[in-house]
Amino acid sequence: MSALAGTGRLTRLALRRERAVAPWWILVIVTLAMAVVSYITRNMGTYEQKVSYTRLIGSGGFLHALGGGTVEPRLEVLATWRSGGFLYVACAFAAVMSVVRHTRREEDAGRGELIGSTAVSRRAPLTAAVLVASGVSLAAGLATAAALIGLGLEPVGSLAYGAAVSVAGWVFAGVAAVAAQLARDAGAATAIGLSALAVAYVTRYAGDATGQHWLKALSPIGWSHLVRPYQDERWWMLGVPLLAGGALLAVAYRLLDRRDLGGGLLPERLGPAQAPRARGPVGMAWRLHRGLLAAWAAGVAFFAAAAAGLSPLARDLLARPSVVVDNIVRTLGMPAGKALAAYSWYMILILAYAIALYPVLMTLRLRAEERSGRAEAVQATPLSRLRWAAGHLVVAGLGTAGLLAVGGLVFGTLFALLVGDLATDVPRFVAGALSAVPAAWCVGALCVLAYGLLPRASAAICWAVWILTAALGQVVAPLYGLWGGSPVEPFHYVGNPMTASSSGPAAQAALLGVTAALLCGGLWALRRRDLG
C-alpha cells in the first residue's frame, strides 16, 4: 500500500465537512481587510491626516507594535498596519482548529479507527487535514488580495499581502500537525497549537515594541509581517514559513509513526487515587470547567494589565494637538477633560466583548457532553436533565461575572498606580466592568436557546451569535462607519460609566429580562427533545 493511499478521498471528505466552517473564516478575514481600507479612506482622506496618524503611531513603541512594521502615510500601508496583525493571527488560528478537527478529534470520536480499517494508509488522515487547512489559508489569502485589488489598491502589494496571510496559516497547520501527535486528545492538541500561536504573537509584539528585530525574525507571525506588502515586497520571506511548515510536517510524520492510534506521545498526568465527591450538579460542573475558567482568568488579567500599561501613553497622546486624535475624540463623543476615562472604558469594553465568548464556549461544552454520551450517563442517576443543564449554566454565569470582575480589578489597579488614584479608580473600574455582565449573559442565553431548539446547528449558531455581536458592537463597527454600534447587540445598551453616561437600571433590567426569557426557552426546549 502506498504511504499516502486514500489521501484524495479523505481530502474530499474533509472539504465537505469544512464547508460549514471555512467560508465564515474567509469572510471574516476579507471583510476586515476591506473595512479597514474603507475606514482610513473615510476618516483620513487627506495626506496631512495620514501624516498625523503616522506620527501618532510612531510616538510610542507599544502603539507601533500593535500593527508592526514600518508605517508610511499611504492608504495601503496604513491599512495593512491596522489589519495585518489580526489577519495573520486569524488565518493561523483557523488552520490550527482545522487540522485538529480532522485528526485528533476524529480519533477521539472513534472515526479514525474506523477509517483506518479500510484501504487507507496511516499518514493519509494527517496529510488530508494539512492539505485542507492549507487550501483554506490559500483561499483566504487570494480572496483578500482580490478584494483589495477591487478596491483599487496596487496589485503587486495586494498579492504580497494575500500571500503573507496564506503562509501564516500554512506554518501553523504544521504546528497543529505536530501538536496532534504529542497530545493525548483534541483539547490538549488545541491548547498546544494555540499556545504556540500566542507565543509567536507575543514574541513578534515584543520585537516591534522594543526594537529588537531579531525577536520578530524568530516568530512565525513575524515572518508574515516581514514580507512588507506595499513597500519593498520581500517575496523571499515567503520561503521561510514554507520551509518551516514542511519541516514541521516531516516531524509530524515521524511522530505519527511512533505513537499508537488514539494515544499521544506526551505522558498523561495521573489523577488522584480516589475521586472527590461532587456535591450536586453545580459541583460537578465546577470540576469539569474550572481549568478553562482558570485559563480564561489568566488571559483576561494579562490583557487587562497590558491595556492599562498603555494608559500613560494614551494620556500623553490625548494631550497633544493632533487632527486624527481630535477627530476620534469628537466622533466618539468624548466630553472635554474626560477623554482618558472614555479611552479606558473602551479597553474595558474590548475585554467585555472577548469575555462574552466564555458563556458561548460553555454552551458548546453542553453540546459536547451530550454528543459524547456522558450527559446521558449522568442522567441515568437521579439527576434530572434540567438540573444537569442548570449546574453548567450557573458555573457559566458566575464565571462570566468573575472574569469581568478580574478584568476591571486588574485594569483599575494598574491604571490607578500609573495615572490615577487607587481609592476612586479601582471601585469605578470594577463597577464599570460588572455593568457589562447582563449583556454578556444575554449573548450566552441566546446560545442556550439555539442549543435547546436546534442542537445539530447550535455550534454554528453560537459562533455566529458571538461574531455578529462583536462585529456590530461599539469596538469593531466604527471601522465601517457604524459609530456607537448597533441596537441589535446587547452591549449597545451598556453605557459608559467613566463619563457619567451610564445606561441606568432600566436598560440593565431589560437585558436581564431578555436573558431570563431566552434561558427559559432554551431549557424548555431541552426538556422536550431527545438527547443526542
Side-chain angles (χ1 to χ4, degrees), residues 15 17-40 66-67 79-101 132-151 153 158 161-170 172-173 176 190 193-194 197-198 201 221 224-225 229 350 353-358 360-361 364 443 446-447 450 457-482 485-486 488-489 491:
L15 282 172
R17 298 180 60 197
E18 197 73 10
R19 64 184 179 179
V21 179
W24 292 104
W25 277 110
I26 296 173
L27 180 63
V28 167
I29 289 172
V30 175
T31 301
L32 181 62
M34 297 176 67
V36 170
V37 173
S38 176
Y39 172 83
I40 294 176
L66 291 175
T80 54
W81 179 86
R82 288 204 62 164
S83 65
F86 176 81
L87 297 193
Y88 304 147
V89 172
C91 192
F93 181 91
V96 170
M97 301 301 290
S98 179
V99 170
V100 173
R101 182 163 52 248
V132 169
S134 301
V136 172
S137 300
L138 179 61
L142 289 176
T144 300
L148 296 180
I149 292 173
L151 292 177
L153 272 61
S158 299
Y161 190 35
V165 172
S166 296
V167 296
W170 292 351
F172 275 93
T190 302
L194 297 185
L197 177 58
Y201 180 81
I221 294 297
S224 291
H225 285 273
I350 292 173
Y353 279 108
I355 291 172
L357 180 59
Y358 177 75
V360 174
L361 295 179
L364 294 177
V443 174
L446 186 56
C447 295
S458 59
I461 295 174
C462 288
W463 279 107
V465 165
W466 181 77
I467 290 173
L468 288 175
T469 299
L472 297 175
Q474 301 178 54
V475 175
V476 177
L479 290 176
Y480 48 87
L482 192 62
S486 169
V488 301
E489 64 93 13
F491 288 94

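Of the possible donor and acceptor atoms, one in the side chain of T31 sits under 3.5 Å from a partner among the backbone N and O of L27. The main-chain N or O of S137 is found under 3.5 Å from a side-chain atom of S166 such that the two form a donor-acceptor pair. No side-chain donor-acceptor contact under 3.5 Å links S38 to the backbone of M34.
When the ring-ring contact (aromatic ring centres under 6.0 Å, His included) test is applied to Y201, no partner is found at least two apart in sequence or on another chain.
Residues L197 and F172 are in side-chain contact: their nearest non-hydrogen atoms beyond the backbone lie under 4.5 Å apart. Annotation: side chain of Y161 is not in contact with side chain of L153 (no heavy-atom distance under 4.5 Å). Residues V21 and R101 are in side-chain contact: their nearest non-hydrogen atoms beyond the backbone lie under 4.5 Å apart. Taking the side chain as every heavy atom from C-beta outward, R82 and Y39 approach each other to under 4.5 Å. Within the 4.5 Å cutoff, no side-chain heavy atoms of L468 are placed close to those of W463. Side chains of V465 and V360 form no contact here, defined as non-hydrogen atoms less than 4.5 Å apart.
In terms of heavy atoms, C462 sits closest to C447 at SG-CB, 3.3 Å. Contact between I149 and S158 at its shortest, heavy atoms only, is CG1-CB, 3.6 Å. Residues P229 and Y88 share a closest heavy-atom pair of CG-OH, 4.3 Å. The minimum heavy-atom distance between L364 and S458, with the atom names listed, is CD2-O, 4.3 Å. A173 and A133 get closest at one heavy-atom pair: CB-CB, 4.2 Å. Annotation for G162 and A145: closest pair CA-CB, 4.4 Å, computed over non-hydrogen atoms.
Ring geometry for F491 versus Y353: interplanar angle of 30 to 60°, hence tilted.
In this structure, I467 CD1 and L472 CG are separated by 11.5 Å, a value rounded to the nearest 0.5 Å. One distance of note links CD of E489 with CH2 of W466; it measures 12.5 Å at 0.5 Å rounding. We find the CZ-CZ distance between F86 and F93 to be 10.0 Å, quoted to the nearest 0.5 Å.
Between C91 and the options I26, I29, V28, a side chain to side chain contact (heavy atoms under 4.5 Å, CB included) holds for only I29.
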